[in-house]
Enquirer: 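Sharing a structure below in structure tokens format, with a few things to ask.
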Amino acid sequence: MEEMLFYDRMQFAFTITFHYLFPQLTMGLSLIIIYFKWKFLRTQNEQYNQATHFWMKIFALNFAMGVVTGIPMEFQFGTNWAKFSELTGGIIGQTLAMEGMFSFFLESSFLGLFLFGEKLLGHKWHFVTGLLIFIGSWASGFLIIATHSWMQYPVGYEILANGKFVLNNFAALFTNPWLWPSYFHNQAASMVTSSFVVAGIGAFYILSKKNVSFGKLFLKTGVIFGLASSLIVAVPTGDLLAKNVVKYQPVTFAAMEGIFHSEKEGSEIVLIGQPDVKDKKLDNKIAVPNILSFLTYGNWHSEIKGLDQFKEENHPTNISGLYYAYHIMVGLGTVFIGLMAFAVFQLIRKKLFETKWILWSLLFMLPFPYIANTTGWYTAELGRQPWLVYNLLRTAEGASPTVSSGNTLFTLLGFIGLYLLLGMLFLLLVGKIINKGPQTENK
């Protein structure tokens with residue numbers, strides 16, 4: 001059973017990790033695209049319209065890859081996790097069906113019009129179709145996170161005699177205290193990814209002395225959006241989400257921060273350290289006293305419960321993985337704020353385009369928002385373990401008993417090979433778009 005559960009989790013982790021590489025860019029990029037189109041309507045500067053067309057091509061490729069990689073992930077609810085679907089389908093089926101029927105169809109229906117219908121629609125209606133794509137993509141994220149939030153903090157439900165969960169308060173799904181901080185944190189994080197991609201490609205054009213005018217536009221837009229979104233990820237959304245974890249999942253928070261033992265006079269914040277789960281301690285740690293208590297409760301001496309205050313059977317199943325995922329996410333988020341703040345400062349001084357170290361840094365950092373988003377989701381998912389529905393349904397109880405570990409491993413290897421080919425094809429196509437550049441640039 002443990003081997004089967006391990007491969008079930010590995011397959012879902014791989015498919016959803018690869019899948020989310022694409023929605024995190026499309027959600028943020030949809031806002032930047034309609035910003036470019038809006039600027040064109042305001043200024044009639046054709047450069048903004050060409051920027052819209054350029055990024056819409058990359059958006060369309062990302063959207064297609066998101067669809068292709070999302071379908072196998074959905075099927076796993078009925079194969080590897082059939083018991084989970086049977087027991088909770090009456091609740092999570094509501095939001096997942098709404099995401100497919102409303103958000104996805106809205107986004108996909110108007111994508112074709114935005115790509116090919118500019119001459120037919122005119123510029124104002126072309127902007128409206130882009131706005132509807134943006135609404136669809138963000139609504140899709142909202143409904144997915146509403147599902148995730150219910151699993152983290154279940155509300156509005158009752159459990160029947162046969163063990164099935166049913167919804168008795170539909171509105172509770174959307175007033176869940178876990179939902180809104182999670183949603184805005186996630187959307188701001190997707191904006192960080194798209195901002196770094198836009199700024200990174202702008203830096204590439206400037207450094208390569210190719211499409212330089214567009215490079216300057218992309219760089220300026222990317223760093224402004226990037227600074228704003230990086231700050232929002234930290235405060236208020238990250239702060240509110242962390243306080244939710246303290247309130248509703250205190251054992252998770254203790255594992256995230258590496259607090260093995262409660263400290264009566266206030267908890268330190270660990271900057272660097274390696275968790276030793278066996279001996280229940282942090283090795284080689286660098287910490288600042290009492291800061292964590294102040295950030296959490298506004299009091300330097302408030303106690304934060306350690307893992308020793310909770311039953312070991314309810315501890316997260318991978319404390320080390322959770323600790324590292326959380327600290328990688330927070331560390332990268334801090335770097336993003338610092339880099340974007342320097343870039344905006346140089347932009348204000350009118351020296352950004354000549355500051356080579358910032359240009360190279362933005363280009364080098366392009367993959368790292370993807371890593372930060374991935375570790376952020378790992379923090380949420382590893383933190384909820386060993387539960388599928390927190391405190392109600394354990395992960396082992398949601399797996400399908402009829403799918404063998406051999407079958408799951410075989411299909412996992414197939415997914416890895418197929419997704420590797422898809423990823424290489426995607427990078428090749430995006431590389432061609434970037435190399436060609438926006439069409440109106442004078443060579």
Side-chain angles (χ1 to χ4, degrees), residues 5-25 27 66 69-70 73 76 80-81 84 141 144-145 147-153 178 181-190 192-193 196 230 233-234 237-238 241-242 244-246 248-259 270 272-275 277 282 307 314-336 367-390 394-395 398-399 412 415-416 419 423:
L5 187 61
F6 172 78
Y7 287 123
D8 284 343
R9 293 180 65 191
M10 285 296 292
Q11 186 185 88
F12 196 82
F14 172 77
T15 52
I16 199 168
T17 298
F18 192 88
H19 166 71
Y20 194 64
L21 295 175
F22 304 101
Q24 66 177 283
L25 180 61
M27 287 188 295
T69 56
M73 186 184 67
Q76 288 173 63
N80 304 23
W81 302 100
F84 169 67
I144 293 295
I145 292 174
T147 308
H148 170 262
S149 297
W150 184 83
M151 294 168 66
Q152 296 283 5
Y153 183 66
W178 197 280
S182 297
Y183 175 64
F184 287 117
H185 186 68
N186 184 80
Q187 300 310 100
S190 74
V192 171
T193 297
F196 268 89
S230 297
V233 164
T237 64
L241 190 53
N244 261 352
V245 177
V246 173
Y248 301 115
Q249 297 182 9
V251 63
T252 300
F253 189 77
M256 285 164 48
E257 295 287 358
I259 305 173
V270 177
I272 297 175
Q274 297 88 49
V277 178
L282 283 175
L307 288 167
N314 292 329
H315 288 187
T317 51
N318 187 349
I319 293 173
S320 296
L322 172 60
Y323 172 88
Y324 284 121
Y326 174 68
H327 281 79
I328 289 170
M329 175 192 68
V330 172
L332 286 176
T334 305
V335 172
F336 297 159
F368 285 88
Y370 289 96
I371 297 172
N373 270 272
T374 300
T375 52
W377 273 106
Y378 281 10
T379 300
E381 299 307 305
L382 291 172
R384 193 182 65 245
Q385 298 300 319
W387 306 95
L388 276 176
V389 181
Y390 196 71
R394 287 187 177 266
T395 304
L412 172 59
F415 282 134
I416 292 172
Y419 283 11

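Just so you know, residue 1 is the first one in the sequence shown, and it goes up from there.
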Enquirer: Applying the side chain to side chain contact (heavy atoms under 4.5 Å, CB included) criterion to Q249, which one of W178, W387, Y153 satisfies it?
Expert: W178
Enquirer: On a heavy-atom basis, which atom in A325 and which in T375 lie closest, and how many Å separate them?
Expert: O-CB, 3.4 Å
Enquirer: State, with a plain yes or no, whether a side-chain heavy atom of H148 is found less than 4.5 Å away from one of I144.
Expert: no
Enquirer: Kindly compute the distance separating CD1 (I416) from CZ (F14), expressed to the nearest 0.5 Å.
Expert: 5.0 Å
Enquirer: What heavy-atom pair brings N244 and P181 nearest, and what distance separates the two atoms?
Expert: ND2-CG, 3.8 Å
Enquirer: M256 and side chain to side chain contact (heavy atoms under 4.5 Å, CB included): which partner among L382, L322, V330?
Expert: L322
Enquirer: Verify, without hydrogens or angle tests, whether Y323 (side chain) and G273 (backbone) share a donor-acceptor contact under 3.5 angstrom.
Expert: yes
Enquirer: What's the spacing between N373 CG and T17 OG1 if we round to 0.5 Å?
Expert: 11.5 Å
Enquirer: Check whether any side-chain heavy atom of T69 sits under 4.5 Å from a side-chain heavy atom of L21, and report yes or no.
Expert: no
Enquirer: Examine the side chains of S149 and Y183 and answer whether a donor and an acceptor come within less than 3.5 Å of each other.
Expert: no
Enquirer: Over all heavy atoms of both residues, which pair between H185 and L241 is shortest? Give the atoms and the distance, please.
Expert: CD2-CD2, 3.8 Å
Enquirer: Do V389 and W150 come close enough that some side-chain heavy atom pair is under 4.5 Å?
Expert: yes
Enquirer: Could you verify whether a donor N or O on one side chain and an acceptor N or O on the other, from Y326 and E257, lie under 3.5 Å apart?
Expert: yes
Enquirer: Hey, does H315 have a side-chain heavy atom less than 4.5 Å from the side chain of V277?
Expert: no
Enquirer: Say you draw a straight line from CG of L25 to OH of Y370; how long is it, rounded to the nearest 0.5 Å?
Expert: 4.0 Å
Enquirer: Is the shortest side-chain heavy-atom distance between T374 and Y20 below 4.5 Å?
Expert: no
Enquirer: Check N314 against P386 and note the closest heavy-atom contact, atom names and distance.
Expert: O-CD, 4.1 Å
Enquirer: Working to the nearest 0.5 angstrom, can you tell me the gap between L282 CG and I272 CD1?
Expert: 12.0 Å
Enquirer: How many angstroms lie between atom CE of M151 and atom CD of E381, to the nearest 0.5 angstrom?
Expert: 6.5 Å
Enquirer: Using side chain to side chain contact (heavy atoms under 4.5 Å, CB included) as the criterion, point out the one residue from T252, T317, N318 that pairs with Q385.
Expert: T317
Enquirer: Looking only at non-hydrogen atoms, find the nearest pair between A13 and Y378 and report the distance.
Expert: O-OH, 4.4 Å
Enquirer: Locate the shortest heavy-atom distance separating T395 from R9; write the atom from each residue and the value.
Expert: CG2-CD, 4.2 Å
Enquirer: Looking only at the aromatic ring of each residue, does the gap between the centers of F368 and F336 stay below 6.0 angstrom?
Expert: no
Enquirer: Any chance you could measure F415, atom CZ, to M73, atom CE, to the nearest 0.5 Å?
Expert: 11.0 Å
Enquirer: Ignoring hydrogens and angles, tell me if any N or O in the side chain of Q24 forms a donor-acceptor pair with the backbone of A189 under 3.5 Å.
Expert: no
